[in-house]
Amino acid sequence: MSKVIRIGTRDSELALWQATTVQQKLDELGLNTQLVPVKSTGDLVLDKPLYELGITGIFTKTLDVALLKGDIDIAVHSMKDVPTQLPKGIVKAAVLERAATQDILVHLGTDFLKGKGTIATGSLRRKAQWLHRYPDHSVVDLRGNVNSRLLKLIENGWNGAIFAKAGLERIKLLPKDAVLLDWMTPAPAQGAMLIVGLEKEKEILAQIEPLNHHKTDICTSIEREFLRTLEGGCTAPIGALAEIKDQTVYFKGCLHSLDGQQQLETLKECTIELVKDFGKQCALEILENGGKALMESIKDELNTIH
Ligand SMILES: NCc1[nH]cc(CCC(=O)O)c1CC(=O)O
């Protein structure tokens with residue numbers, strides 16, 4: 001029998017579903033595994049918008065520490081929650097095949113879409129894109145795990161709240177009448193799961209590698225390279241989606257002002273062999289076309305909120 005691989009996960013229902021899925025896939029490869037749930041700061045601090053906490057990686061930090069301390073061997077993350085720069089010593093072990101990439105609106109009736117309304121989200125990206133499309137609406141902050149966000153929507157009587165379709169599907173809480181937001185550009189790597197491990201544990205990395213889904217890996221790498229180049233370590237309303245059809249990669253990326261009034265967008269394509277630096281080129285195009293100034297003003301605005 002091979003050594004037991006300890007799988008670290010957050011303890012929300014979604015995180016546990018994702019980690020259990022990874023565990024099943026590793027079991028199918030004939031590996032021995034054990035789940036180790038870990039509480040994360042992102043799940044504990046509920047009274048402040050995420051961007052006000054002023055740190056990235058809030059969901060992933062606790063698992064990073066557990067990895068580096070040797071308490072777990074691998075960690076399973078929603079890839080969109082993982083900072084583009086992994087901590088020193090921690091590396092990508094595999095990216096799993098992506099589920100739905102889109103955002104979805106859960107609502108208490110859709111009449112408000114034609115007039116005024118209040119929707120809830122804790123995401124700068126969703127807020128800005130929503131206000132760009134519905135300038136007469138209000139957006140209120142909504143934090144917490146997926147289950148508690150659904151409860152708060154009902155309690156507060158807001159018109160709707162925005163979720164990742166993949167997350168709601170995974171925990172079987174997707175209402176039948178939810179509205180797919182096809183026009184909204186998702187977060188980089190939305191719908192994908194990332195397994196990370198320690199760089200020095202080559203044997204474990206080799207055992208996990210067969211779970212890597214090549215196309216998802218390519219697309220999410222482009223999206224995250226776009227994000228890394230644009231943001232330079234700051235949070236901002238940034239969306240990105242890469243898709244492969246035949247041998248071509250189609251990319252859509254956008255940056256909005258916090259109030260949604262300004263929108264910078266790029267649509268580009270590239271053959272799959274030439275994909276190196278593609279995400280960076282897409283970001284540079286936005287930066288050169290007004291993105292640099294917009295990023296500066298977003299940074300200033302967020303600093304005055306802190
Ligand atoms: N930030 C929380 C988070 N991280 C990953 C998902 C869902 C799964 C995914 O997008 O991959 C969610 C919930 C949501 O955005 O509604």
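Counting convention: from 1, in listed order, for ligands and their atoms alike.
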Please work out whether any backbone atom (N, CA, C, O) or any side-chain heavy atom from C-beta onward of [X] is under 4.0 Å from ligand 1, and answer side chain, backbone, both or neither.
| X | answer |
| --- | --- |
| Q102 | neither |
| M193 | neither |
| M79 | neither |

Which of the atoms of ligand 1 are close to [X], meaning less than 4.0 Å from one of its heavy atoms?
| X | value |
| --- | --- |
| S78 | 4 (N), 5 (C) |
| L14 | 6 (C), 7 (C) |
| R149 | 13 (C), 14 (C), 16 (O) |

Polar-atom distance check: [X] versus ligand 1, any N or O pair below 3.5 Å?
| X | value |
| --- | --- |
| Q190 | no |
| A164 | yes |
| Q18 | no |
| G191 | yes |

Problem - Test item, R98 contacting ligand 1 (heavy atom, 4.0 angstrom) - result: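 No heavy atom of R98 comes that close to ligand 1.
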Exercise for the section: Determine which pairs satisfy ring-ring contact (aromatic ring centres under 6.0 Å, His included) with at least one residue from residues 181-201, sequence neighbours left out, and list them in order. Expected result: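 The answer is W130-W183.
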Indicate yes or no: does [X] engage [Y] in a salt bridge with an N to O separation below 4.0 Å.
| X | Y | value |
| --- | --- | --- |
| K25 | E28 | no |
| K292 | E288 | no |
| K92 | D217 | yes |

Practice task
Look at the side chain of D73 and the backbone N and O of R6, then say whether any donor-acceptor pair between them is shorter than 3.5 Å.
Solution key: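 Answer holds: yes.
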Exercise for the section: Using heavy-atom distances, let me know which of I162, D81, N145 sits nearest atom 1 (N) of ligand 1. Expected result: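 Result: the heavy atom closest to atom 1 (N) of ligand 1 is in D81.
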Practice task
Report yes or no: is the cationic atom of K245 (NZ for Lys, CZ for Arg) closer than 6.0 Å to the six-membered ring centre of Y250, at no more than 45° off its axis?
Solution key: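 Satisfied, under 6.0 Å and within 45°.
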Problem - Contact list for residues 189-200, test side-chain hydrogen bond (donor to acceptor under 3.5 Å, both in side chains), sequence neighbours left out - result: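 Every side-chain hydrogen bond (donor to acceptor under 3.5 Å, both in side chains) pair that includes a residue of residues 189-200, provided the two are not neighbours, is K80-Q190, D103-Q190, R125-Q190.
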Handout entry: Check against side-chain hydrogen bond (donor to acceptor under 3.5 Å, both in side chains), S78 and Q18
Key = CA-CA 8 Å; S78 289; Q18 295 182 162; 3.2 Å; yes
